[in-house]
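Here's the structure we're looking at; comments come further down.
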Amino acid sequence: MAIRPYIPGEVEPRVQERWARENAFRAEEKAGVEKFYCLSMLPYPSGALHMGHVRNYTIGDVISRYHRMRGRNVLQPMGWDAFGLPAENAAIKHRTAPARWTYSNIEHMRGQLQRLGFAYDWSREVTTCRPEYYRWEQQMFTRLMRLGLAYRRDAEVNWDPVDQTVLANEQVVDGRGWRSGAPVERKSIPQWFLKITDYAEELLQGLDELEGWPESVKTMQRNWIGRSEGAEFEMAVCDRDGVTDPAGRAIRVFTTRPDTSFGMTYAVLAPEHPLVTEVTSDGQREAVESFVEQARRATEEDRLAVEGSLEKRGVFTGAYLLNPFTQQPVPLYLADYVLMGYGTGAIMAVPGQDQRDWDFAECHGLPIIRTVAPPDGWEGEAYLQDGPAINSEWLDGLQVVEAKERATQWLVDQGLGERKVNYRLRDWGVSRQRYWGCPIPVIYCKDCGAVPVPDEDLPVVLPEDVSFMGVQSPIKADPDWRRTTCPECGAAAERETDTFDTFMESSWYYARYCCPDADAQLDERADYWLPIDQYVGGIEHAILHLMYFRFYHKLMRDAGMVEADEPATRLLCQGMVVADTFYRDDEDGHQQWINPADVEVERDARGKPVGAQLRADGQAVQFGGVEKMSKSKNNGVDPQRLVEKFGADTVRLFSVSDSPPHQSLEWSESGVEGSSRFLRRLWSQVMAHVETGAGEPLDAAALNGEQREIRRLVHDTIAKVSDDISRRYTFNTAIAAVMELCNHLSRFDGRDGPSRAVLQEAWLAVVRLLAPITPHVCEELWSELGGEGPLYAAAWPEADEAARERSRVTLVVQVNGKLRARLEVEPGATKEEAFEQAKAIENVQRHLDGKSIRKVILVPDRLLNIVVG
RNA sequence: GCGAAAGUGGCGGAAUUGGUAGACGCGCUGGAUUUAGGAUCCAGUGGGGCAACCCGUGGGAGUUCGAGUCUCCCCUUUCGCACCA
């Protein structure tokens with residue numbers, strides 16, 4: 001009897017054709033059915049899928065298919081984050097248009113995704129560079145302009161003086177332009193911002209409700225928002241004797257430690273503070289101007305070099321401020337450790353209770369006063385913990401919390417200041433001086449200023465048929481595109497030529513999938529599907545994307561487009577895909593990285609690696625450790641090659657079998673071969689079973705002990721796999737459990753009717769348990785087994801609790817916590833019964849011999865521990 | 001510096017509520033099959049003794065009848081933030 005061989009290259013296309021023919025994964029809004037929206041972060045169409053994509057999308061697909069089998073109405077869409085810088089770079093390099101390059105990449109990658117058999121509803125595909133998508137984003141922006149939630153102000157960019165263009169941060173390499181090599185300058189130009197800071201408090205509070213989000217992501221977002229409570233107050237400018245400035249000038253400072261104000265020994269302005277010139281004395285003017293200039297020119301590297309170090313640069317302004325608590329003057333300095341962008345750009349300095357102030361005071365010979373008593377034996381440096389206040393008149397003796405409260409209240413009562421909450425979070429700068437992005441829908445008129453493009457004139461379409469002249473954005477270079485008329489007064493006017501940050505498109509695509517053809521940004525279908533029940537993506541998006549997307553969702557909520565407060569209830573961040581790296585040193589001492597697929601590893605008799613050679617020449621190569629797959633380390637693996645060699649199911653299986661989703665996955669060719677081997681074995685076992693026959697209908701009551709044991713294993717496995725997939729997200733242990741079951745089934749070869757029935761039930765279960773992970777081979781085996789209907793629509797198996805009951809259980813017998821024997825007992829055996837039987841075991845007896853029994857502990861049905869002394 | 005996570009065989013990892021450490025897979029060893037290689041199948045595989053038994057989850061202490069799991073101290077690694085007053 002010849003069993004049909006397993007050929008993934010034939011099975012998979014056949015099964016995929018069926019899915020397509022039957023519209024298997026088309027999602028429709030259905031009343032009365034529990035919906036499940038499962039979303040994987042959409043890819044940038046860079047040209048080809050990499051292993052990170054494959055892993056991400058396999059995880060999402062496993063969850064989707066599981067919930068579909070559980071009877072939920074599942075939506076799993078896919079789309080393209082199609083705007084972005086790489087398309088411009090490719091356009092310059094290959095002399096093509098970014099749009100053409102992008103669309104052709106999308107074609108190719110869509111084919112790759114389809115070859116992997118992901119259960120997407122392709123009818124909802126969204127491509128963010130299409131005007132029918134971005135017009136709604138433009139409309140949202142003009143609405144935000146009218147609400148004052150979008151505004152324009154000057155902000156710094158990286159300016160390449162040779163190419164005469166703005167550079168993205170990633171285009172700045174070692175402080176130089178990536179193409180010109182010229183030192184990058186800081187330049188201030190007007191740019192658009194979204195007022196995310198208005199939502200800072202809600203974005204922070206909302207995290208507490210997101211129980212299905214990883215704690216690490218929430219912590220990162222909390223830190224990023226960086227809420228701190230304190231007080232803001234004014235200090236009058238004065239001379240060294242404390243005589244206040246006749247012009248009545250004052251400096252506002254923010255502090256989280258108003259309780260330490262009596263320890264203020266100086267104050268500091270950021271170099272960019274607007275009052276610097278005004279307050280600087282003539283004697284200090286030269287020194288101050290040179291310091292400001294030096295700070296202005298400081299590059300990112302300069303900043304990093306001194307950040308956090310003891311070196312604190314600064315200069316005296318010649319002015320003093322009057323400490324309202326003591327009525328004493330303190331010298332006013334300029335220092336670059338104070339940032340203009342946070343608080344008021346000015347601080348009171350308390351070296352005794354702040355390490356940065358301490359370092360500055362040490363550098364500049366300023367006095368240090370402690371206002372919180374450190375514990376005995378405290379040596380040097382600022383003291384930041386709790387303790388009783390000292391040297392602080394009416395605060396003395398109070399603990400920090402109480403002292404803060406009193407000091408703040410005093411400022412309020414005196415009319416000098418108020419309570420203040422500051423956030424580290426900054427408004428979101430959305431202007432990019434790039435071509436391949438969504439045009440910012442604004443018209444500049446000499447008389448009317450910045451005018452939003454009226455809804456009826458949207459979208460402002462980005463021309464796609466362009467050629468790059470050098471590096472300049474084609475729409476900036478094209479006066480015809482810019483030229484327009486003012487929507488308000490009709491006078492000649494110019495369009496904005498900047499485009500949006502691409503995070504804008506990825507901030508709302510998830511909602512557009514719900515109604516991709518709506519003649520509005522969203523329609524009522526959005527509220528059917530939202531919020532997302534499961535979002536899957538990389539941890540690298542923990543802060544920016546996941547913050548912007550929460551923010552944008554709240555903007556849409558406040559515009560009445562959606563009801564939910566948060567876009568996604570559960571979030572899973574998958575780990576990186578990593579691989580071995582190998583290299584050789586060339587003559588110049590540079591490392592030549594060699595792809596692991598071309599390397600043969602040599603091992604000793606224990607299996608321990610002892611060396612590695614390049615297959616091509618048999619010569620040794622060096623092991624460079626395990627690293628994230630990357631071009632620079634040449635350790636990437638092309639999923640396309642793997643799919644061609646092993647089939648989609650094997651690639652999918654391996655990408656979730658070797659570690660839990662949130663951990664990094666170590667790629668290994670032999671691991672992939674192991675996955676392939678398992679599927680081939682599964683195939684031949686099921687086919688052999690089908691050949692032998694399914695037997696009679698299952699009669700659970702008529703089974704013998706061995707058959708019952710197999711059934712018990714089957715139903716235990718069903719329970720475990722269900723829990724692993726739905727609650728724990730540990731697909732690796734789910735797969736291990738199924739493999740273990742298959743190993744048992746292969747050893748059980750009953751030919752009688754009841755045995756066949758038990759096996760039939762078992763294989764039908766196995767095929768369904770694996771269906772979310774390896775859907776093609778399972779679909780085929782399901783139909784071979786005579787399963788009813790298509791597997792993608794089959795019901796998830798239920799664990800039969802009666803079948804899981806045991807007639808005997810194995811107790812572990814310990815003496816003083818050490819394993820000495822195993823004991824078969826009735827389930828529910830009492831301590832006394834178990835102890836009596838255990839005493840009879842020789843090996844137990846030997847350890848009890850001559851000793852008195854102190855205590856006997858029973859963990860029912862698991863363990864008996866006899867404590868002797 | 002601050003914050004978070006982690007450290008278990010030769011390797012990836014398992015042990016879910018404090019209860020048999022090493023599931024499952026890879027690698028390795030031996031055998032079968034094969035003209036051979038590959039593939040496949042069977043058996044073994046933490047270390048030391050090769051028997052009883054002892055040792056073993058980064059290191060050290062502690063709690064407990066019992067600790068990979070809990071507490072404290074230390075070491076290491078990864079990630080995030082990084083002068084945010």
Side-chain angles (χ1 to χ4, degrees), chain A residues 214-220 222-224 226 228 230 253-257 260 268 303-304 306-309 312 335-339 341-350 353-357 359-360 422-426 539-540 542-543 575-576 578 580 601 603-610 626 654 657-660 662-675 677-678 680-681 684 720 723-724 727-728 730 732-740 742-743 810-819 822 843 846 854-859 862-869:
Chain A
E215 212 45 57
S216 58
V217 171
K218 290 192 279 186
T219 304
M220 279 190 242
R222 281 192 192 100
N223 293 342
W224 191 256
S228 49
V253 296
F254 172 72
T255 178
T256 55
R257 294 294 303 273
T260 63
V268 189
R303 254 183 270 265
L304 286 173
V306 291
E307 215 170 78
S309 76
K312 291 276 182 282
D336 55 7
Y337 80 91
V338 172
L339 310 173
Y342 186 79
T344 60
I347 62 156
M348 69 169 194
V350 185
Q353 261 66 53
D354 184 289
Q355 190 57 45
R356 295 154 302 181
D357 297 346
D359 295 337
F360 188 87
N422 260 319
Y423 300 91
R424 218 186 68 110
L425 183 71
R426 300 299 151 74
I539 186 71
E540 68 273 20
I543 297 173
M576 298 178 301
V578 299
D580 288 340
V601 176
R603 295 166 192 279
D604 68 9
R606 280 237 164 93
K608 196 174 175 175
V610 289
V626 177
F654 179 74
S657 67
D658 235 32
S659 53
H662 65 271
Q663 268 180 44
S664 61
L665 172 74
E666 196 168 312
W667 181 83
S668 80
E669 184 93 18
S670 47
V672 180
E673 277 161 10
S675 295
R677 192 174 308 144
F678 170 72
R680 284 202 305 272
R681 215 152 38 206
S684 58
K720 170 156 179 66
D723 186 49
D724 282 353
R727 181 181 63 88
R728 300 212 304 150
T730 50
N732 56 327
T733 56
I735 293 162
V738 176
M739 285 177 167
E740 203 176 350
C742 289
N743 290 342
T810 306
L811 273 194
V812 168
V813 182
Q814 298 182 336
V815 178
N816 282 351
K818 287 203 185 290
L819 175 70
R822 271 164 236 272
N843 198 37
R846 194 173 52 232
R854 293 253 171 95
K855 202 170 177 181
V856 178
I857 289 138
L858 177 80
V859 180
R862 300 201 67 163
L863 173 141
L864 183 78
N865 188 11
I866 305 164
V867 186
V868 297

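Among B:C11, B:G19, B:A15, the nucleotide with an atom closest to any side-chain atom of A:Thr733 is B:A15. When distances are taken from the side chain of A:Val338 to each of B:C54, B:A85, B:C65, the shortest belongs to B:A85. Checking B:G10, B:C24, B:G12 against the side-chain heavy atoms of A:Lys608 singles out B:G10 as nearest. Counting only heavy atoms from C-beta on, A:Val859 has its side chain closest to B:G19 among B:G19, B:A85, B:C24. Minimum atom distance to the side chain of A:Ser659 is reached by B:G13, of the listed B:C11, B:G19, B:G13. Checking B:C24, B:A85, B:G19 against the side-chain heavy atoms of A:Ile347 singles out B:A85 as nearest. The nucleotide whose nearest atom lies closest to any side-chain atom of A:Ser228 is, among B:G12, B:A85, B:G25, B:A85. Checking B:A85, B:C53, B:A14 against every side-chain atom of A:Thr255, the shortest atom distance belongs to B:A85. Relative to the side chain of A:Arg862, the nucleotides B:G13, B:G12, B:G19 differ in distance, and B:G19 lies closest.
A donor-acceptor pair under 3.5 Å is formed between the side chain of A:Thr255 and the backbone N or O of A:Arg257. In terms of modelled atom types and a separation under 3.5 Å, the side chain of A:Thr730 and the main chain of A:Pro660 share no donor-acceptor contact. One N or O on the side chain of A:Asn865 and one on the backbone of A:Gly817 form a donor-acceptor pair closer than 3.5 Å. With hydrogens and angles ignored, the 3.5 Å screen pairs a side-chain donor or acceptor of A:Asp604 with a backbone N or O of A:Gly607. When atom types are taken as modelled, the side chain of A:Asn816 and the backbone of A:Val868 share a donor-acceptor pair closer than 3.5 angstrom. Without hydrogens or angle criteria, A:Asp357 side chain to A:Val350 main chain gives a donor-acceptor distance under 3.5 Å.
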Report summary line: Protein-proximity profile, nucleotides 44-49 of chain B, B/S/- by nucleotide at the 4.0 Å heavy-atom cutoff, equals ---SS-
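Spacing of C1' atoms, B:U76 relative to B:G27, comes out at 27 Å, to the nearest Å. For the C1' atoms, the distance linking B:U17 with B:C70 amounts to 13 Å, nearest Å. Nucleotides B:U29 and B:G46 place their C1' atoms 15 Å apart, quoted to the nearest Å. B:A6 and B:U45 are spaced 32 Å apart, taking the P atom of each and rounding to whole Å. Of the P atoms belonging to B:U69 and B:G59, the separation is 11 Å, rounded to the nearest Å. Atom name P, nucleotides B:G68 and B:G56: the rounded distance is 10 Å, in whole Å. Nucleotides B:U57 and B:A21, compared at atom C1', are 8 Å apart to the nearest Å. B:C26 and B:U16 have their C1' atoms separated by 25 Å, with the value rounded to a whole Å.
Nucleotide B:G25 holds its C1' atom 16 Å from the CH2 atom of A:Trp667, rounded to whole Å. What separates CG of A:Leu819 from C1' of B:G56 is a distance of 15 Å, to the nearest Å. Atom pair A:Lys818:NZ and B:C53:C1' shows a separation of 11 Å (rounding to whole Å applied). Following rounding to the nearest Å, A:Asp354 (CG) and B:G1 (P) show an atom-to-atom distance of 17 Å. Between the P atom of B:G13 and the CZ atom of A:Arg728 lies a distance of 15 Å, rounded to the nearest Å. Per the geometry, CG belonging to A:Leu665 stands 18 Å off P belonging to B:C11, to the nearest Å. In this structure, the CG atom of A:Asn732 is 8 Å from the P atom of B:A15, given to the nearest Å. Distance, A:Asn816 CG to B:C53 P: 15 Å, rounded to whole Å.
Side-chain nitrogen and oxygen atoms of A:Ser668 include none within less than 4.0 Å of the OP1 or OP2 phosphate oxygen of B:G27. Side-chain N/O atoms of A:Arg677 include none lying less than 4.0 angstrom from OP1 or OP2 on B:A39. Applying the 4.0 Å criterion to OP1 and OP2 of B:A52, one finds that A:Asn843 has every side-chain N and O outside that range. Taking only side-chain nitrogens and oxygens, A:Arg680 comes nearer than 4.0 Å to OP1 or OP2 of B:U40. Residue A:Asn865 places no side-chain N or O under 4.0 Å from the OP1 or OP2 atom of B:U64. For B:G3, neither phosphate oxygen OP1 nor OP2 lies less than 4.0 angstrom from any side-chain nitrogen or oxygen of A:Lys218. The shortest distance between the side-chain N/O atoms of A:Gln663 and the OP1/OP2 oxygens of B:G13 is below 4.0 Å. The side chain of A:Arg424 places no N or O atom within less than 4.0 Å of a non-bridging phosphate oxygen (OP1 or OP2) of B:C2. Not one side-chain nitrogen or oxygen of A:Arg603 sits closer than 4.0 Å to the OP1 or OP2 atom of B:C26. When the side-chain nitrogen and oxygen atoms of A:Asn422 are compared with OP1 and OP2 of B:A85, none of them lie within a distance under 4.0 Å. Dashed line: the shortest gap from a side-chain N or O of A:Arg846 to OP1 or OP2 of B:C53 is under 4.0 Å.
Within the nucleic acid shown, A:Val867 comes within 4.0 Å of sugar-phosphate atoms alone, with no base atom in reach, counting heavy atoms only. No contact: A:Gly226 has no heavy atom under 4.0 Å from any strand.
If you find the closest nucleotide of RNA chain B to A:Ser675 and to A:Gly341, the one lying nearer the 5' end belongs to A:Ser675. Take the nearest nucleotide of RNA chain B for A:Thr219 and for A:Leu339: the residue whose nucleotide is more 5' is A:Thr219.
Syn is the glycosidic conformation of B:G9, whose angle stays within 90° of 0.
Between A:Thr733 and A:Lys720 there is a side-chain heavy-atom pair separated by less than 4.5 Å.
With respect to A:Glu215 and A:Arg222, a salt bridge is recorded, a charged nitrogen being found less than 4.0 Å from a carboxylate O.
For the pair A:Ala734 and A:Asp724, the tightest heavy-atom approach, listed with the atom from each and the gap, is N-OD2, 3.3 Å.
Helical stems involving RNA chain B, defined as 3 or more consecutive Watson-Crick or G-U pairs under 3.5 Å, span B:1-7 with B:75-81, B:10-12 with B:24-26, B:27-32 with B:40-45, B:46-48 with B:53-55, B:58-62 with B:70-74.
Scored by the salt bridge (Lys or Arg N to Asp or Glu O under 4.0 Å) test, A:Asp723 finds A:Arg727 as partners (sequence neighbours excluded).
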